[in-house]
Amino acid sequence: MNTKPRFSGLEWLRFSLGVFVMIYHTAPNYPQFDRVPWLKDIASMGLYATSTFFVLSGFLLAHVYFNQGRMREPARSFWLKRFSNLYPIHIVALGASILALLLMHQLSIPPDGPGATPRFVIYDTHDISGQTNPELYRHYMSNKELGLNALLQLFMLQAWNPLYLTFNAPLWSLSALFFFYLVDGMDAENQQRA
């Protein structure tokens, strides 16, 4: 039985940061965003909220899984649990986003209409040039790039490729989490061998 104290406040903070990141990504799509002066200032802290979310997630995970410098279960068990939490979410979100893109293309639904395609890459930039000249950041993948990115997406490795903001851009976060879990599990396995 786990006798460690729970950090309910930190868990709620982590949840709040997740909501904040969602607002950060969606707020600019609403007309009120430009009319409320302080909203842009608050939303601009989304990058910090993302970093804090990852650091806090790592802390809470380590608190649950580590005890006196040792992992409470074998690394393979840890990986299997983490993978089975992430992968179904990843595949459902990936499939839904590809389906939505194909429907947008077929039905000419704005904003992208006929330009909506899984081949489109979003170059994420917070540089002013991305806002003033968005055409500089548009790219449509070749067949080779499309195939490579499809494989990377299936294996949750897309965050480590320059064209990672494809199919469903926010899924980069699951790819990064999966990498952190792998590193964490390998470190724990090495400690157990020592």
Problem set entry | Contact check, side chains of Leu154 and Tyr87, non-hydrogen atoms, under 4.5 Å | yes
Exercise. In Å and rounded to the nearest 0.5 Å, what is the CG to CD1 distance from Leu94 to Ile89?
Worked result: 13.5 Å
Exercise. OG/Ser16 to CG/Leu56 distance, rounded to the nearest 0.5 angstrom?
Worked result: 10.0 Å
Exercise. Going through the checks in order, is the side-chain contact (heavy atoms from CB on, under 4.5 Å) test met by Arg14 and Phe53?
Worked result: CA-CA 6 Å; Arg14 182 174 166 251; Phe53 175 85; 3.5 Å; yes
Exercise. Between Tyr65 and Phe78, what is the ring plane arrangement, given parallel below 30°, perpendicular above 60°, and tilted in between?
Worked result: perpendicular
Problem set entry | Sole residue of Phe54, Phe83, Trp79, Trp160 in ring-ring contact (aromatic ring centres under 6.0 Å, His included) with Phe179 | Trp160
Problem set entry | OG1-CG distance between Thr52 and Leu47, expressed to the nearest 0.5 angstrom | 10.5 Å
Exercise. What is the minimum heavy-atom distance between Ala159 and Ala176, and which atoms define it?
Worked result: CB-N, 4.3 Å
Exercise. Should Val55 and Tyr48 be counted in the same cluster of Ile, Leu, Val, Met, Phe, Trp and Tyr side chains packed under 4.5 Å apart?
Worked result: no
Problem set entry | Pairwise side-chain contact, Phe180 with Leu61, heavy-atom cut-off 4.5 Å (strictly under) | no
For this session: Report yes or no: do Leu157 and Leu151 belong to one cluster of Ile/Leu/Val/Met/Phe/Trp/Tyr joined by side chain heavy-atom distances under 4.5 Å?
Result: yes
For this session: To the nearest 0.5 angstrom, please state how far the CD atom of Gln153 sits from the NE2 atom of His90.
Result: 5.0 Å
For this session: Treat each ILVMFWY residue as a node, draw an edge where side-chain heavy atoms are under 4.5 Å apart, and state whether Leu171 and Met141 are in one component.
Result: yes
For this session: Indicate yes or no for a side-chain donor-acceptor contact from His63 to the backbone of Pro5 under 3.5 Å, with no hydrogens or angles considered.
Result: yes
Problem set entry | Rounded distance [0.5 Å steps], CD in Gln158 versus CH2 in Trp172 | 10.5 Å
Problem set entry | Residue pair Leu17, Leu13: steps toward the side-chain contact (heavy atoms from CB on, under 4.5 Å) verdict | CA-CA 6 Å; Leu17 288 167; Leu13 175 60; 4.1 Å; yes
Exercise. What's the shortest heavy-atom distance between Leu146 and Pro118, and which atoms?
Worked result: CD1-O, 4.1 Å
For this session: Identify whether Trp12 and Val19 are in the same connected component of the hydrophobic contact network (ILVMFWY, side-chain heavy atoms under 4.5 Å).
Result: yes
For this session: Quick one: pull up CD1 in Ile23 and CE in Met45 and give me the separation to the nearest 0.5 Å.
Result: 11.5 Å
